[in-house]
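Taking it in order: structure first as structure tokens, then the write-up.
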Amino acid sequence: MAGGVWGRPRGAPVGALTLTALAEGIRARQGQPPGPPSTSPQPESELESEVEPQRAAASPTAGSETFCRPPAQEPAPVIPHQTPQSSWEDGALGDLALYTAACLEDAGFAGTQATALTLSSVLEAQGERLEDQVRCLVRGLLAQVPSLAEGRRRRAVLRVLSALALEHPRDVVCALLPCSLPPDRAAAELWRSLSRNQRVNGQVLVQLLWALKGTAGPQPEALAATRALREMLAVSGCVGATRGFYPHLLLVLVTQLHELARGTCSPDTPKVWAPSYQGPPHSHASCTVEALRALLTGDGSRMVVTCMEQAGGWRRLVGAHTHLEGVLLLASAMVAHADHHLRGLFADLLPRLHSTDDAQRLTAMAFFTGLLQSRPTAQLLREEVILERLCTWQGDPEPTVRWLGLLGLGHLALNRRKVRHMSTLLPALLGALGEGDTRLVGAALGALRRVLLRPQAPVHLLSAELGPRLPPLLDDARDSVRASAVGLLGTLVRRARGRLWVGPRGPLRKLVLRSLVPLLLRLHDPSRDAAESSEWTLARCDQALRWGLLEEMVTVAHHNSPEALSRICQRLVQWYPSHVPSFLSQTQGYLRSPQDRLRRAAAVLIGFLVHHSSLSCVNQDLLDSLFQDLGQLQSDSEPSVVAAAQVSCQQVALLARTQHCPHCWRLLGLLRLPHLGQHHAHPARLPPVYEDSPFQHWSLAGHWDCSGPG
């Protein structure tokens with residue numbers, strides 16, 4: 001190709017004289033008088049006086065990488081024997097790029113002048129200008145890079161690219177972006193070369209930022225720009241060039257992840273990751289995450305990256321339903337370890353809160369909510385303005401917006417030691433406990449727990465308000481809600497420990513006794529978090545009410561000991577005889593649980609409660625109901641549940657016999673339970689004996705003491 005165009009074999013040394021001769025030949029074929037430029041250095045002012053505006057040369061000097069401008073010329077008529085435009089672009093400009101690189105190595109300022117004249121002459125011979133052919137020249141450079149070995153000529157080509165980017169960054173970026181799909185090693189090398197040049201990397205990054213903003217979703221242009229950003233940001237020192245638009249770039253990358261997560265038509269967007277996979281899959285989302293990591297790491301925010309890794313933040317960022325959780329984690333990590341960017345981020349977020357694009361608006365709202373954890377950042381706006389905005393979000397019909405508003409209220413009220421805005425915060429938190437959205441309920445429970453941990457927390461008020469609201473949540477079908485509700489109860493009991501004895505009818509004492517059965521049964525909860533929270537909360541209740549049953553509770557939790565459970569039931573019946581019917585009725589409801597382990601645990605608890613109860617504690621109707629429900633478990637699909645129900649039925653029948661209940665005796669015969677000796681008026685009530693539970697318990701050793709959650 002080189003020999004056909006230039007008449008010289010590729011790789012031969014080219015200097016100023018050679019390039020000048022080439023220019024003379026081109027001018028002669030155009031019918032113009034030869035007029036080579038002077039090879040002696042000229043002052044810059046003299047050069048610029050000879051330059052026609054809007055026309056520039058594309059090759060820099062070897063020392064300063066500046067552009068020289070050729071004298072103005074009239075465009076020449078098209079030569080009849082010229083090659084087609086596309087062929088000429090692929091051939092001549094590619095060879096010219098190689099010769100330019102060699103010239104920069106072999107010649108000085110004079111060689112650069114000759115190169116400039118040659119470039120202009122070649123382009124004018126085709127009726128073009130340099131500004132119109134920058135993209136072709138960049139593609140020519142890209143085509144030559146793989147054939148050049150490491151050394152002076154390869155470095156010279158990279159300097160030519162940098163010089164072009166200095167004057168024409170948009171054209172250079174537009175020419176290189178298509179070469180990034182699919183990934184190309186030569187294109188990646190050129191991006192890294194631009195990144196290392198401190199004079200041009202900022203301009204190139206800006207162009208990539210605009211290219212990224214101009215596309216949405218999993219489009220090829222967005223993927224190409226993201227890959228280019230990843231290559232450039234991975235170069236040490238390049239992130240410094242983002243000063244002035246760092247927050248904007250970070251938000252654009254995070255927003256792109258939201259758009260990718262919501263794009264159901266994208267084949268490379270993962271719906272679910274395997275738990276064993278440690279990183280994101282190789283996809284558009286993966287490239288964006290890597291670019292974001294490089295941006296944070298290059299800025300010295302390595303701890304932010306570490307926090308995101310440990311908390312699973314990257315995994316959440318690319319999830320369709322967890323993206324906003326990832327944004328909140330990122331904001332929290334930046335509040336803790338990159339506070340020098342918070343002001344810029346906060347200022348850049350405000351206009352995005354009113355965006356009509358859902359992905360951009362929700363991402364900005366999540367960042368805004370997370371940044372409210374930073375007290376200095378929250379002071380950038382008047383608290384009244386922030387509070388009004390968050391209250392407006394509370395009235396939004398979209399649950400996601402209400403969830404973010406609730407989190408924001410919690411952050412704003414609790415970013416100091418003293419709880420503020422209580423009259424606004426508490427109604428919003430208590431009202432959210434009845435929401436159907438898991439995120440809203442979880443956010444409310446978490447915020448209420450943080451309120452309780454503050455000095456001068458309204459313990460008495462919350463005890464009264466949570467009395468009717470908290471018990472239903474202890475049996476919520478959602479594992480996370482159930483565990484958080486149990487933990488909130490433990491925190492409330494711990495904070496009010498010294499006040500429980502102020503009157504036996506206090507609201508918190510009633511709440512504890514109403515929650516006692518769910519707590520004992522939730523020790524067998526299939527959810528590990530719920531079981532762990534139940535054990536910790538029972539330990540708090542034991543400490544506050546001075547039961548002295550901590551050892552028994554731990555033994556039941558870890559070893560499923562019937563003897564320990566029997567001692568617990570015996571004490572409860574002795575201390576709270578008036579609550580025994582309530583204990584039995586609550587336990588009876590768990591006999592219909594879909595969980596095998598809970599049905600068995602409920603049957604066992606009924607057996608021990610009945611065994612330690614007397615006729616004065618339990619009425620006849622309750623005994624009939626218990627006997628009937630336990631009898632229905634005889635046909636249960638789980639053998640261990642059937643065995644436990646039979647033993648408990650015997651205990652109910654023994655207690656019912658003292659009241660001469662013919663219905664119980666009739667059912668006892670139908671169920672074919674062992675004969676209990678009808679000739680004795682009051683037969684001995686032997687303690688129930690249950691088989692070992694077949695269900696494995698979570699190992700919660702070390703979590704029941706005072707250093708537990710809350």
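In what follows, every heavy atom counts, from backbone to side chain, and hydrogens, waters and symmetry copies are set aside.
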**Message:** To the nearest 0.5 Å, what is the distance between OG on Ser533 and CG on Leu489?
**Reply:** 10.5 Å
**Message:** For a quick test of reading the model, state the closest non-hydrogen atom pair linking Val239 to Gly298 and the distance between them.
**Reply:** CG2-CA, 3.6 Å
**Prompt:** Of the non-hydrogen atoms in Leu406 and Gln394, which two are nearest, and what is the gap between them?
**Reply:** N-NE2, 2.9 Å
**Complete:** Of all heavy-atom pairs linking Gln586 and Pro518, the shortest is NE2-CD, 3.8 Å
**Request:** Starting from the C-alpha separation in whole Å, work towards a yes-or-no answer on side chain to side chain contact (heavy atoms under 4.5 Å, CB included) for Val451 and Met422.
**Result:** CA-CA 9 Å; Val451 168; Met422 189 63 69; 4.2 Å; yes
**Message:** Would the distance check show the side chain of Thr491 and the main-chain N or O of Gly487 forming a donor-acceptor pair, the cut-off being under 3.5 Å?
**Reply:** yes
**Prompt:** Is the closest side-chain heavy-atom distance between Phe245 and Leu205 below 4.5 Å?
**Reply:** yes
**Asked** With distance as the sole test, does Arg495 use its side chain to make a donor-acceptor pair with the main-chain N or O of Arg454 at under 3.5 Å?
**Response** yes
**Request:** Drop me the distance from Leu208's CG to Leu177's CG, to the nearest 0.5 angstrom.
**Result:** 6.0 Å
**Prompt:** How long is the span from the CG atom in Leu430 to the CG atom in Leu425, to the nearest 0.5 Å?
**Reply:** 9.0 Å
**Item:** Donor-acceptor pair between Glu231 and Ser195 side chains, under 3.5 angstrom
**Value:** no
**Item:** Note: Glu435-Arg402 ion pair, threshold 4.0 Å (strictly below)
**Value:** yes
**Item:** Residue pair Gly408 / Leu372: nearest heavy atoms and the distance that separates them
**Value:** O-CD1, 3.8 Å
**Asked** Can you name the closest pair of heavy atoms from Cys179 and Ala187 and give their distance?
**Response** O-CB, 3.7 Å
**Chi angles and distances behind the side chain to side chain contact (heavy atoms under 4.5 Å, CB included) call for Leu516, Leu538** = CA-CA 8 Å; Leu516 188 54; Leu538 281 172; 3.9 Å; yes
**Asked** Just wondering, do Leu473 and Leu445 contact through their side chains at under 4.5 Å, heavy atoms?
**Response** yes
**Prompt:** How many angstroms lie between CG in Leu448 and CD in Glu465, if you round to the nearest 0.5 Å?
**Reply:** 10.5 Å
**Prompt:** Should the pair Phe368 and Trp393 be assigned to parallel (<30°), tilted (30 to 60°) or perpendicular (>60°) ring geometry?
**Reply:** perpendicular
**Exercise: do Gln360 and Thr255 side chains pair donor with acceptor under 3.5 Å** = no
**Message:** So Glu535 and Leu519, do their side chains get closer than 4.5 Å, heavy atoms only?
**Reply:** no
**Asked** Taking the side chain from Arg352 and the backbone from Arg361, do they hold a donor-acceptor pair closer than 3.5 Å?
**Response** no
**Message:** Can you give me the closest heavy-atom contact between Ser180 and Arg227, atom names plus distance?
**Reply:** O-NH1, 3.5 Å
**Message:** Quick one, Leu194 and Val173 - any side-chain contact, counting heavy atoms below 4.5 Å?
**Reply:** no
**Message:** I'd like to know if the side chain of Thr377 reaches the main chain of Arg343, judged simply by a donor and an acceptor atom lying under 3.5 Å from each other, with no hydrogens or angles considered.
**Reply:** no
**Message:** When you measure from the side chain of Gln595 to the backbone of Asp525, do you find a donor-acceptor pair of N or O atoms at a distance under 3.5 Å?
**Reply:** no
**Request:** Run the numbers on Leu324 and Leu362 for side chain to side chain contact (heavy atoms under 4.5 Å, CB included), then give the verdict.
**Result:** CA-CA 8 Å; Leu324 296 180; Leu362 291 175; 4.3 Å; yes
**Asked** Can you tell if the side chain of Leu253 reaches within under 4.5 Å of the side chain of Thr288, non-hydrogen atoms only?
**Response** yes
**Request:** Report yes or no: does Ser301 contribute a side-chain atom to a donor-acceptor pair with the main-chain N or O of Thr297 at less than 3.5 Å?
**Result:** no
**Prompt:** If you round to the nearest 0.5 Å, how far is CG of Asp339 from CZ of Arg375?
**Reply:** 14.5 Å
**Gln310 side-chain N/O to Cys307 backbone N/O, donor-acceptor pair under 3.5 Å** = no
**Message:** Checking Arg439 against Thr400: is there a side-chain donor and acceptor pair closer than 3.5 Å?
**Reply:** yes
**More than 12 heavy atoms from other groups under 6.0 Å of NE2 on His340** = yes
**Request:** Kindly indicate whether the side chain of Met308, heavy atoms from C-beta on, has any atom under 4.5 Å from the side chain of Arg293.
**Result:** no
**Asked** So, does His323 use its side chain to make a donor-acceptor pair with the main chain of Leu317 at under 3.5 Å?
**Response** yes
**Asked** Taking side chain as C-beta onward, heavy atoms only, is Leu250 less than 4.5 Å from His341?
**Response** no
**Message:** Can you see whether Asp358 engages His258 through a side-chain donor-acceptor pair at a distance of less than 3.5 angstrom?
**Reply:** no
**Asked** Would Arg382 and Glu388 pass as an ion pair if we require N to O under 4.0 Å?
**Response** no
**Message:** Does atom CZ (Arg469) have a neighbourhood of more than 12 heavy atoms from anything else shown, all under 6.0 Å?
**Reply:** yes
**Contact check, side chains of Leu349 and Met365, non-hydrogen atoms, under 4.5 Å** = no
**Asked** In terms of side-chain geometry, is the basic nitrogen of Arg482 or Asp475 positioned less than 4.0 Å from the acidic oxygen of its partner?
**Response** no
**Stepwise side chain to side chain contact (heavy atoms under 4.5 Å, CB included) test for Arg522 and Leu598** = CA-CA 8 Å; Arg522 289 297 168 186; Leu598 286 183; 3.4 Å; yes
**Complete:** Value for NE2 (His337) from CG (Leu296), rounded to nearest 0.5 Å, stands at 12.0 Å
